[in-house]
Amino acid sequence: MDTIVAVLIAGLTLIVGLAIGFFINRLQSQKVQLQQREKAEKLVTDAREQARTIELQARDSALKISQAAETEITRLRSELTREEERLQHRRAELDTRVDRLEQREQAVNKRQSTVDRRANEIEKLHEQQLEELQRVAQLNTEQARGILLAEVEKDARADMARIIRQIETEAREEGEKRARKLIADSVQRVATENVAEFTTSLVPLPNEEMKGRIVGRNGRNIRAFEQAAGVDVIVDDTPEAVTISCFEPVRREVARRALAKLILDGRIHPAHIEKVLDDEQKAVDKVIVEAGEQATFDAGVTGLHPEVMRMMGRLKYRTSYGQNQLAHAVEVAKLSGILAAELGANEEVARQAGFLHDLGKAMDHNQEGTHALLGAEFAKRYGVNAQVVNAIAAHHHEVEQESVEAVIAESADAISGARPGARREDLEAYIKRIRTLEDMATAFKGVSQAYAIQAGREVRIIVKPEEIDDLEATRLARDIAKKIEETMQYPGQIRVTVIRETRAVDYAK
């Protein structure tokens, strides 16, 4: 019973608690809603006040903008009014100017009519005077013009010849002075020996009996040697010596060394000949490579392909008029470098061009073409500078020179070949060159006599005065010099002197 009462009390207590909680929760909800409503009303009130403030500000801004616009419109109207007044004033001035121009045009037209009338009168007077002059002189206009032009041309030619001679004389004197100084400085600084080199193909023998051993039984040894070496062995009456003859200098050197070694060894038979020739060929190839490298170092040239240096080494056994071509190449390289430094040109290009200018002379004689073009083609194949290639090809004027370094290389080549003692020339070639010079000069029209003097360094030409005047004498000297340049090969330069003499002869009776 007590338990039931307790349960009932607990249930009533729970019901009463729930009822009280419900009423408390409802009161709190109403309170929250009331607060939210008050907050919303406050927000609406603030928004209305802010909107009223913005509206007032907008009205003030619109009023200010309207006032500014009215002020700007008033200013623009004033400016337009002033511009319109200015345009009207300008239009009035233009109208006035147009009126003045029309009046001036009328005056000019009247004056032009007067001028035209007077010009017609002057033309008629000129024609009358011209007819009178023709009648008095008995010449028409074309004849008088021809005589006048002939006289003017004659005077102009005389003045031109005089000016040309004066300019050439001044240029020659100044050029010779500067060139002489440059050449002297260059030659003195290079300071090479000035003795011509003579290449010999004689092989000394220990005794006369060695000639028989060289020839062999029935000529077996000498035939084997000549066939293997590609040379001719001349066994003549020269005491204790034999001569080796061959167009190719390297092959001749190999044969000379091999024959000297065979003579020293004493074993001369076909099998041993081939072995010795092969050994000497390798030795000469090594000497050629070393000579090319040493010459490149002596010339101060860098960056060359090994094949180019090897080909230059072949010039060690090549001579021209007794001058060793490898020593000549080194000398030309040094002269080119000095001249380039004095003239402000590219020293490296000039030195390389001078060193390689005769590269084609090292080529085999079976290759067709001049040594200048062959050398240029070979140098181009192995990556030599294009300016150097042009200088090689152009040092005998077979192609056009494209740089001042090419001219320097050509000049250094001429200096090296023309210096005293550098080259020798046999009597037959010397006489042939002298006669060629004289015959070439006498072949020109108006030449009476021609003499080559100073070892062919100067040609003096005597002309017929009735056929060659002073102007033609100047032209003749230039034409002969050009003909010599085109047809002859010579070191240095050849001076052409034309002599014209006029004589007046009479007899007293």
Check: [Y] and [X] side chains under 4.5 Å, non-hydrogen atoms:
X: Y451; Y: I462; answer: yes
X: P270; Y: R220; answer: yes
X: L359; Y: M312; answer: yes
X: V388; Y: L356; answer: yes
X: L304; Y: Q352; answer: yes
X: Q449; Y: I461; answer: no
X: L315; Y: N324; answer: no
X: I499; Y: V463; answer: no

Using a 6.0 Å cut-off, check whether atom [atom1] of [X] has over 12 heavy atoms from anything other than its own residue.
X: E466; atom1: CD; answer: yes
X: N218; atom1: CG; answer: no
X: F297; atom1: CZ; answer: no
X: Q112; atom1: CD; answer: yes
X: E348; atom1: CD; answer: no

So, [X] versus [Y]: side-chain donor-acceptor pair below 3.5 Å or not?
X: E398; Y: T370; value: yes
X: Q401; Y: E410; value: yes
X: E486; Y: H397; value: no

Are [X] and [Y] close enough for a salt bridge, meaning some N to O gap below 4.0 Å?
X: E280; Y: K261; value: yes
X: R435; Y: E438; value: no
X: E253; Y: R251; value: no
X: D479; Y: R475; value: no

Report the distance from atom [atom1] of [X] to atom [atom2] of [Y], rounding to the nearest 0.5 Å.
X: H269; Y: E274; atom1: NE2; atom2: CD; answer: 11.0 Å
X: I244; Y: R252; atom1: CD1; atom2: CZ; answer: 9.0 Å
X: L476; Y: E467; atom1: CG; atom2: CD; answer: 11.0 Å
X: F225; Y: L277; atom1: CZ; atom2: CG; answer: 5.0 Å
X: K483; Y: L437; atom1: NZ; atom2: CG; answer: 13.0 Å
X: E307; Y: R381; atom1: CD; atom2: CZ; answer: 9.0 Å

* To do: Applying side-chain contact (heavy atoms from CB on, under 4.5 Å), run through D470 and R500 and close with a yes or a no.
  => CA-CA 8 Å; D470 290 340; R500 178 179 181 269; 3.2 Å; yes
Donor-acceptor check, side chain of [X] to backbone of [Y], threshold 3.5 angstrom: yes or no?
X: D413; Y: G354; answer: no
X: E405; Y: N346; answer: yes
X: R351; Y: I338; answer: no

Subject >> From CA spacing to verdict: side-chain contact (heavy atoms from CB on, under 4.5 Å), T497, R495 >> reply: CA-CA 6 Å; T497 304; R495 181 178 180 180; 3.8 Å; yes
Exercise. So D278 and K275, salt bridge (Lys or Arg N to Asp or Glu O under 4.0 Å) or not? Walk me through it.
Worked result: CA-CA 5 Å; D278 185 60; K275 180 179 181 303; over 6 Å; no
Which atoms form the tightest heavy-atom contact between [X] and [Y], and what is the distance?
X: I434; Y: A452; result: CG2-CB, 3.7 Å
X: A450; Y: T442; result: CB-CG2, 3.6 Å
X: S403; Y: N390; result: N-OD1, 4.3 Å
X: V404; Y: A345; result: CG1-CB, 3.8 Å
X: A350; Y: I408; result: CB-CG2, 4.3 Å
X: A299; Y: F355; result: CB-CD1, 3.6 Å

Quick one: do I468 and V498 satisfy side-chain contact (heavy atoms from CB on, under 4.5 Å)? Show the steps, please. CA-CA 10 Å; I468 304 294; V498 176; 5.6 Å; no
Is the H395-H371 ring centre distance short of 6.0 angstrom?
yes
Original post:
Aromatic ring centroids of H357 and H328 under 6.0 Å?
Top reply: yes
(request) Output, in order, the C-alpha distance, side-chain angles, deciding distance and verdict of salt bridge (Lys or Arg N to Asp or Glu O under 4.0 Å) for E377 and K380. (result) CA-CA 5 Å; E377 182 182 355; K380 183 179 180 181; over 6 Å; no
Evaluate V284 against Y317 for side-chain contact (heavy atoms from CB on, under 4.5 Å), listing each step before the verdict. CA-CA 10 Å; V284 170; Y317 303 107; 4.0 Å; yes
The single option from K361, K316, R318 that satisfies side-chain hydrogen bond (donor to acceptor under 3.5 Å, both in side chains) with Q325 is K361
| task | Determine, stepwise, if the pair R460 / E458 fulfils salt bridge (Lys or Arg N to Asp or Glu O under 4.0 Å). | result | CA-CA 7 Å; R460 291 187 180 177; E458 181 179 357; 3.1 Å; yes
